[in-house]
Structures are given as C-alpha cells and as structure tokens.
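To start, the structure itself, in structure tokens.
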Amino acid sequence: MDELMPTTAFRIADLAARQDEAVRIAEKRAVDRQHAKGKLTARERIGLLLDPGSFVELDQFARHRCAEFGMDANRPYGDGVVTGHGTVDGRQICVFSQDFTVFGGSMGEVSGEKVLKVMDLAMALGCPVVGINDSGGARIQEGVVSLAYYAELGRRNAHASGVVPQISMIMGPCAGGAVYAPAITDFTVMVDETSHMFVTGPDVVHAVTGERVTAQELGGAAVQSEIAGNAHHRAADEQDAIEWVQTLLGYLPANNLDPAPEYADDTSSVVTPADLELDRLVPDSPNQTYDMTELIARLVDDGEYAEVHSTFAPNMICAFGRVQGRTVGVVANQPRHQAGVLDIDASEKAARFVRFCDAFSIPLLTLADVPGYLPGSDQERGGIIRRGAKLIYAYSEATVPKVTVVVRKAYGGGYAVMGSKHLGADVTLAWPTAEIAVMGAEGAVQVLYRRELAELPPDRRAAARRRLTEEYRKRHTGPYLAAERGYVDQVVTPSQTRLQVARALRTLRTKRQTLPAKKHGNIPL
Ligand code: HXC
C-alpha cells in the first residue's frame, strides 16, 4: 500500500497537469479568437483603464456552477466576468469587465453574484462604477437564474443613479434585455465596428418582419451614437474608448456628496487677447452662422472641454469643462446645426445632462442662441410636447448654480427653456447682440403687417417688409427689454463674458436651494 502511494499520487498529479494544460490551451485559443476579432480581453481592458498596478481583483476563485445546470463541468475557474477596484488618475473606481472568452461573457449565477457584489461595493465606497460589456447576454443554460441577475443589476443601476456616476463601455455584443442595464447608466461609450447593442438581433428581426439588416446597421456604434442616442461617444477603437472614459471621470465627483476634483486656478483675471476675439464671434447678419464651440473654448480653462453625445442632436452641445479649476456642465445651442433649433432629440439630450449635473452638484452654464422649437408634423407626432417638456422640467428642478448667457437669438419657447431666469437661473447675462423676442423679426412682421403688406403694390412690398423688419428688430428685440425687467441681470460685451461667468460661478459657490419635500416628481417620460 505504502509503495503504491507515490504512484497514485503521481498519477493524480499527472492527470491534473494534463487537465491544466488542456485548460491552458483552450484559454489561449479563446484569447486568440478574441484578439482576432479586434477585441482585447477583460483583463487587458482593465489594465488599460486603471492606473498600473492598482487593480485589486475580487472573487478571482469564484467558480461557475455550470454542472448544476447540466453544462460541461470541465471548465476553468471564473464565470465570464472579472470584477474589482482600482484607481484612475489616483481616484478610486469599481469595475466589472465581462469576459467573452469564458461562456461568451454571458451572465450566469456566479458572474451575476460577482457583478452585484462590486456594484454594492461601489455604493458603499461612494465611487464611480465602470461596466465593460462584451457578452452573449443571459446565459441560456441557466435560464431564469440569469434573468434574475440582470433584473437585480437593473435595480442596482437604478438605486445607484444619482448616487455614484455609472459608465458603460460596450466593447462587443450587448443584446436583448442586457441592454437595459447600460441604458440606465449615466454615460455609454461604444467601439466602432466591434460592438453592437440591440434588443432583438438581425435573425429575429428577419424572422418576425422579413427585414434583412446587419448587426452594425441595427445597433452599431454609428447608429447608436448618431440616430438612437444610446451611446454618448463613438470610439474609433478600444484605446479611444478607454481614454474617453478616463477623461470623463476626471470631471466627475466620486459620488453625490463629494465635490468634483478641483484644480489650481491659473486663469487670467484680466481680459486676454483670446477674450477679445469673442467680440468678433457673432456675425452682423442674423442669417450668418458661427461655431458655438469657439465660445465654449474661450470660457473654460485652457480651452479644454469634453463633449458627451457629440454626434447625437448636434444642434445642442452638452459638455464638461472647468471654470477656475472647478467642473461645470455646459449646455449650448449650436447655430451651425439646424440653426441651433430645439427638437425632440436636443431636448432629451440636454434634459438628461442637466439632471446628471444637478444630481452631482455640478453647476450649469447655459449658452443660448436658439430660434425656438422645430415646427413640423414629424416633431408633433413624435411627441415634442411631452418630450420637449423634459428640458423645462430638468432646468426647473435643478438646484445647482445656474448661469446663462444669451448670445444671440432667444426666441419664443427657446428663450424660456434655455436656462432662463424664469426657470430658476441665478445669473443671466446677455450680449448686446442678443435678440430676445417671441419670434424673429421676419416672422413677426409677417404676422403683424400681413394686411398692410398685401395692400401695397407688389413692387413696393419687399422694401416695406425690409423697413418694417428693421424697425421691429430695433424696437422689440435686443436684450434691454428683458434687462429692464430684471430677466437679464447684466448686458456684457463678449470679451467680458469669461470674467463675468467666472465671477458669477464664484459667487454662487455657497448657493443653497431646496425644493418642496416629496417622494419624487413625475417628469414627463
Ligand atoms: C450561453 C453563450 C451565450 C449565451 C454566447 N455563448 N452567448 N453561452 N449563453 N447567451 C457562448 C457560445 O455558445 C460560445 O461557446 C461562446 O459563447 C462564444 O460565442 P460564439 O457564438 O462562438 O461567438 P460569436 O460568433 O462572436 O457570436 C457572439 C453572439 C452569439 C452574437 C453574442 O453568441 C449570440 O448570438 N449569442 C446569443 C445572444 C442572445 O440571444 N442572448 C440572450 C439575450 S436575452 P463555446 O463553448 O463554443 O466557446 C438577455 C435577457 C436579459 O440577455 C434579461 C434582462 C432583464
């Protein structure tokens, strides 16, 4: 017996070694397949996202229970997700990264437990959580158990909303009900060509409707970031996606109780040559356009800002920047796209951004140049009333410091909605070029003088219309009627704007405002 022991022990060790070797080969094949698709592995992604050496993995040895679900039990450790915490630029975050090389990154019981555990940790620590998605969705073999974990994750996302920033990175497939967890998070980035997101994939679409469509056409990064608006950034590749998230995190506080990171204020306290350039930004002709990002770049520190949703509803800009070292959320109309008009997409984009900033105590800087809401049956039937109302609701509910600059047009509903005094702006500035009115001069003359113009001989109408338009513009637009009533606090020259905005935000640092106590409001969803 004693003599047999070493032999038996040797055989067991040999078998284990062979199994380990088989597992190692299988793992390497899976990693090679992942790389061949142009994708990094779960751990490689974490390694790039976090500061070198900062990752602390949780539940590394948590083992799948696939045998209990009638699956091949001869599988390595792990269960399709890597979780843990580490730092980005020295600041704590929690992370989970779905591992497509194990069970296609699908969510099963053990991976579900791991993800929920790291979400709970993020809430306990009060730090942002980044979810890296690359998964076949709910693990088919585990049935209702995997569905349960998705629903549990959605509940965690909802409870964490407004408490810690949540960011989703879509680095591969994200399909079915699995899309709803990223949808609840604050910001989503997708990688061009290698990621897609949809509720029902191309095969089901074809079976049900007969439509033939590829995964990219249905839910690739281009579609999601430009048309559907589910992605806030379309990254050229995984490295770009990771850098975007790192930049974004740099603007955000760790949670709703802590302030955003503050940097030394090295801005000039006098008017600079860059400020003076603003005096020439707005063209004399009201029909000529300009680029609002030129203004944003001159108002924020070092001209640096990070746009979110840059290719979705580009008529509205939402961006994070810093003023005197502190984060601000910039909401601005972009006259270069559809004259900066407010439509459904622009309203919803800005409303969600305003609510994010408010939840995380980030002051709002609004730059208005808006001809009003977009007319047309598409918009009316699409629900512009209900969906446009979200922006009014969001601004009205926001108690963070709110500073607004009316740059040029502020017509009709656009005036009221774009961070006006009436929705609770603390400081409203206007440039001398501001045109605050119910509508543009041409439209107003058409309504007010229709009969008079019709009675004129046709050859005199154009000149009369020009004269009336000019008279109307002088008498009824401009910032002074609003300034007389205190709707505009100050009319400032463009070159003074940076200093006045900074002063306003400095003054408002101690702002305190509370809303009536209630369980929650009922934003028109
Ligand atoms: C179990 C899965 C899986 C899943 C993929 N795999 N998805 N295993 N459950 N949901 C496994 C595959 O069997 C394969 O295992 C490995 O992962 C890699 O998958 P491939 O198909 O070889 O990869 P690829 O060709 O890149 O295709 C990826 C894919 C495809 C497009 C994601 O696998 C696919 O269509 N999967 C099903 C997607 C789906 O319908 N999921 C359910 C969504 S509903 P081996 O062993 O061969 O390596 C949902 C509900 C959530 O998620 C509810 C929330 C409330």
Side-chain angles (χ1 to χ4, degrees), residues 22-42 64-82 96-116 119 131-159 168-185 188 190-191 193-208 213-221 224 230 238:
V23 164
R24 206 184 56 73
I25 290 168
E27 279 177 357
K28 182 169 181 323
R29 275 207 202 106
V31 168
D32 289 345
R33 274 202 301 273
Q34 179 82 345
H35 286 161
K37 287 178 190 158
K39 299 195 293 179
L40 297 173
T41 64
H64 59 80
R65 296 174 200 131
C66 59
E68 291 172 29
F69 295 96
M71 295 161 66
D72 171 17
N74 189 23
R75 289 278 192 162
Y77 282 102
D79 194 59
V81 73
V82 179
F96 64 88
S97 182
Q98 292 171 336
D99 185 349
F100 196 82
T101 67
V102 180
F103 302 125
S106 56
M107 173 91 99
E109 186 173 31
V110 173
S111 51
E113 286 168 357
K114 287 175 71 171
V115 170
L116 299 191
M119 286 286 300
I132 302 176
N133 294 257
D134 183 3
S135 161
R139 188 166 305 152
I140 296 161
Q141 299 90 332
E142 299 196 23
V144 69
V145 176
S146 51
L147 299 179
Y149 279 96
Y150 267 118
E152 292 272 357
L153 175 57
R155 185 157 64 99
R156 297 295 192 292
N157 291 135
H159 290 179
S168 295
M169 307 184 71
I170 313 296
M171 307 286 241
C174 181
V179 297
Y180 289 114
I184 298 171
T185 63
T188 297
M190 289 183 73
V191 180
E193 304 297 335
T194 52
S195 72
H196 55 250
M197 260 182 124
F198 37 66
V199 175
T200 40
D203 294 344
V204 178
V205 168
H206 181 243
V208 175
V213 63
T214 66
Q216 285 301 310
E217 288 164 351
L218 197 54
Q224 297 294 10
N230 294 315
E238 295 200 6

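As a basis for the values below, the full set of heavy atoms in this structure was taken, side chains included, without hydrogen atoms, waters or symmetry mates. Order of appearance sets the numbers: ligands from 1, and atoms from 1 within every ligand. Fair warning: this is a prediction, and the values are worked out from it, not measured in the lab. Start at 1 with the first residue, then count along the sequence.
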Check: Can you check whether I140 has an N/O within less than 3.5 Å of an N/O in ligand 1?
Finding: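 It does: an N or O of I140 is found under 3.5 Å from an N or O of ligand 1.
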Checklist line | Min N/O separation G136 to ligand 1 under 3.5 Å | finding: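 G136 vs ligand 1: N/O contact under 3.5 Å present.
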Pick from [options]: the one approaching [atom] most closely through a non-hydrogen atom:
{"atom": "atom 43 (C) of ligand 1", "options": "A175, G201, S106", "value": "A175"}
{"atom": "atom 49 (C) of ligand 1", "options": "S135, A138, G108", "value": "A138"}
{"atom": "atom 17 (O) of ligand 1", "options": "G104, P202, A26", "value": "G104"}

Please determine whether any non-hydrogen atom of [X] lies less than 4.0 Å from an atom of ligand 1.
{"X": "Q141", "result": "yes"}
{"X": "F100", "result": "yes"}
{"X": "K37", "result": "yes"}

Side-chain donor/acceptor of [X] to backbone N/O of [Y], under 3.5 Å:
{"X": "Q216", "Y": "E193", "value": "yes"}
{"X": "S106", "Y": "R139", "value": "no"}
{"X": "Q224", "Y": "M190", "value": "no"}
{"X": "D134", "Y": "I132", "value": "no"}

Notebook entry, point to check: What's the shortest heavy-atom distance between V81 and F96, and which atoms?
Noted result: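 Heavy-atom minimum between the residues: CG2-CB, 4.2 Å.
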Rounded to the nearest 0.5 Å, what separates atom [atom1] in [X] from atom [atom2] in [Y]?
{"X": "L116", "Y": "E152", "atom1": "CG", "atom2": "CD", "value": "6.0 Å"}
{"X": "K37", "Y": "F100", "atom1": "NZ", "atom2": "CZ", "value": "4.0 Å"}
{"X": "M171", "Y": "T41", "atom1": "CE", "atom2": "OG1", "value": "10.5 Å"}

Check: Under 4.0 Å from ligand 1, counting heavy atoms only, is it the side chain of M107, its backbone, both or neither?
Finding: neither
Checklist line | Side chain, backbone, both or neither: F103 near ligand 1, heavy atoms under 4.0 Å | finding: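 The answer is the backbone of F103.
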Check: With a cut-off of 4.0 Å, which atoms of ligand 1 are near a heavy atom of R139?
Finding: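 Here the atoms of ligand 1 in question are 1 (C), 9 (N).
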